[in-house]
Amino acid sequence: MIDLTKKQLSKTYSISDRTIELYEQAIDDIKEQFAIYDEIREYNQLKVLSALQAERISDSHFTNSSGYGYGDIGRDSLDKVYARVFNCESALVRPHFVNGTHALGAALFGNLRPGDTMISICGTPYDTLHNVIGISDKKNIGSLREYGVNYKQIDLTSDGGFNFDKIKVELESDKSIKLVHIQRSTGYGWRKALLISDIKEIINFVKNIRPEVICFVDNCYGEFLDTQEPTDVGADLVAGSLIKNIGGGIAPTGGYIAGKEEYVTQASYRLTVPGIGGECGSTFGVMRLLYQGLFLAPQVAIEAVKGALFCARIMELAGFEVLPKYTDKRSDIIQAIKFNDKEKLINFCKGIQLGSPIDSFVQCEPWDMPGYTDQVIMAAGAFIQGSSIELSADAPIREPYIAYLQGGLTFDHAKIGILIALSKVIG
Ligand SMILES: *Cc1c(COP(=O)(O)O)cnc(C)c1O
């Protein structure tokens, strides 16, 4: 960092010399790691480029359909581009999914029937899915459980691995198990994201026992962190959000589902209705943004992961426990920092807000968010509301007070935001 930048940082945000010292060391320590991610980015850029070329995407795909949206070639071709990127039969990419939870919910509701059981093998699924499944402490109205779909759960072992023995017993003894739920990213947990190699191993294990069981992966935050996606290693179905990695910071809203055609079609009947599926739905002129976002996504995801890596190292140097560590192989863009202190946690999030391009003048406070059990604080000064591929930090207000940082459309912005946040915590 040149002196001019340092001076400006200390002048504008009162960043201490101590924070700058930690910065210099952290940057030095993480350099080597970056090479790994640069290579992944390069490969994925090629993958996306080839998919766009293979589908012969042109200006005419950036259509603006209305009404029923019959024959919207922009929409239908983007599905094919995604299917190529995910190396699978079919995809459903829609601005009509209001968020990732909606896409995940459509995949689950579309593929499960009364009497079926879904089993999560990574412990408790992401918070917003609790209402979908019917395991929240609220009334669970409209949940899978209310429709007669059972839920079972097997926790990860204490070292973060799968409990293979238990999974085997359940699969062999409970023939009602129709779908295995695998969550790639950490969510609001204290564990590492599942690597593609982990996902491959567990899917092979499941398929060896019960080949007909649907292996479903919540792929939120994981896209483009590896040269392969879960669908490359046997996942039958994946889903995620367009305002995370794969929207490249450009997609204004939406979600996607990808996988075997049969399962994607079932899910599409839940986005719309049986018989209509993905064949209707006008796209309001947003298709170009979804294409362009996908094109930029390999780059943006890696910028974000560099921010996370930097955060891991500098927070560790400042004395906080972090997960993953800067040397760990990553499979999502999340960085968890344990504060063991409510005030420090809140100050960190406020610092991220202060360093945002939008709403930097706003104080974020904990609140009761729809879909979440504990109060949550969310620092998000983003161009797209709630977009977490943009630099953001959030935390459920519960012990041991862990903040989850993610995003950063540019590594430089992530660095600045994190410096401001750290100096809010250590002074
Ligand atoms: C973000 C996320 C979701 C979906 O959240 P939305 O805010 O609804 O997009 C689901 N699972 C995981 C692991 C996530 O990170």
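Values below: all heavy atoms of this structure, side chains included; hydrogens, waters and symmetry mates excluded. Start at 1 with the first residue, then count along the sequence. Read the numbers this way: they start at 1 and go in the same order the structure lists the ligands and their atoms.
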Original post:
Between Asp198 and Arg184, is the closest basic N to carboxylate O distance under 4.0 Å?
Top reply: no

Original post:
So is Arg184 close enough to ligand 1, meaning a heavy atom under 4.0 angstrom away?
Top reply: no

Original post:
Applying a 4.0 Å heavy-atom criterion (strictly less than), which segment of Leu104 is in contact with ligand 1: side chain, backbone, both, or neither?
Top reply: side chain

Original post:
Between Asp218 and ligand 1, is there a nitrogen or oxygen pair with a distance under 3.5 Å?
Top reply: yes

**OP:** Report yes if some N/O of Gln183 lies less than 3.5 Å from some N/O of ligand 1; otherwise report no.
**Re:** no

**OP:** Measure from the ring center of Tyr404 to the ring center of Tyr221 and say whether it is less than 6.0 Å.
**Re:** no

Subject >> Ring centres under 6.0 angstrom apart (Phe86, Tyr256) >> reply: yes

Original post:
ligand 1 versus Thr101, non-hydrogen atoms closer than 4.0 Å: side chain, backbone, both, neither?
Top reply: both

Original post:
Is there at least one pair of N or O atoms, one from Tyr126 and one from ligand 1, spaced under 3.5 Å apart?
Top reply: no

Subject >> Taking atom 9 (O) of ligand 1 as the reference point, the nearest protein heavy atom with its distance >> reply: Gly100 N, 2.8 Å

Subject >> Aromatic Tyr126 / basic Lys244 pairing, under 6.0 angstrom, 45° off normal >> reply: yes

Subject >> Side-chain (Thr231) to main-chain (Gly259) donor-acceptor, under 3.5 angstrom >> reply: no

**OP:** Find all atoms of ligand 1 within a distance of less than 4.0 Å from any non-hydrogen atom belonging to Lys244, and give their numbers and elements.
**Re:** 1 (C), 2 (C), 3 (C), 4 (C), 5 (O), 14 (C), 15 (O)

Subject >> Over-ring placement of Lys344 relative to Tyr401, 6.0 Å and 45° cut-offs >> reply: no

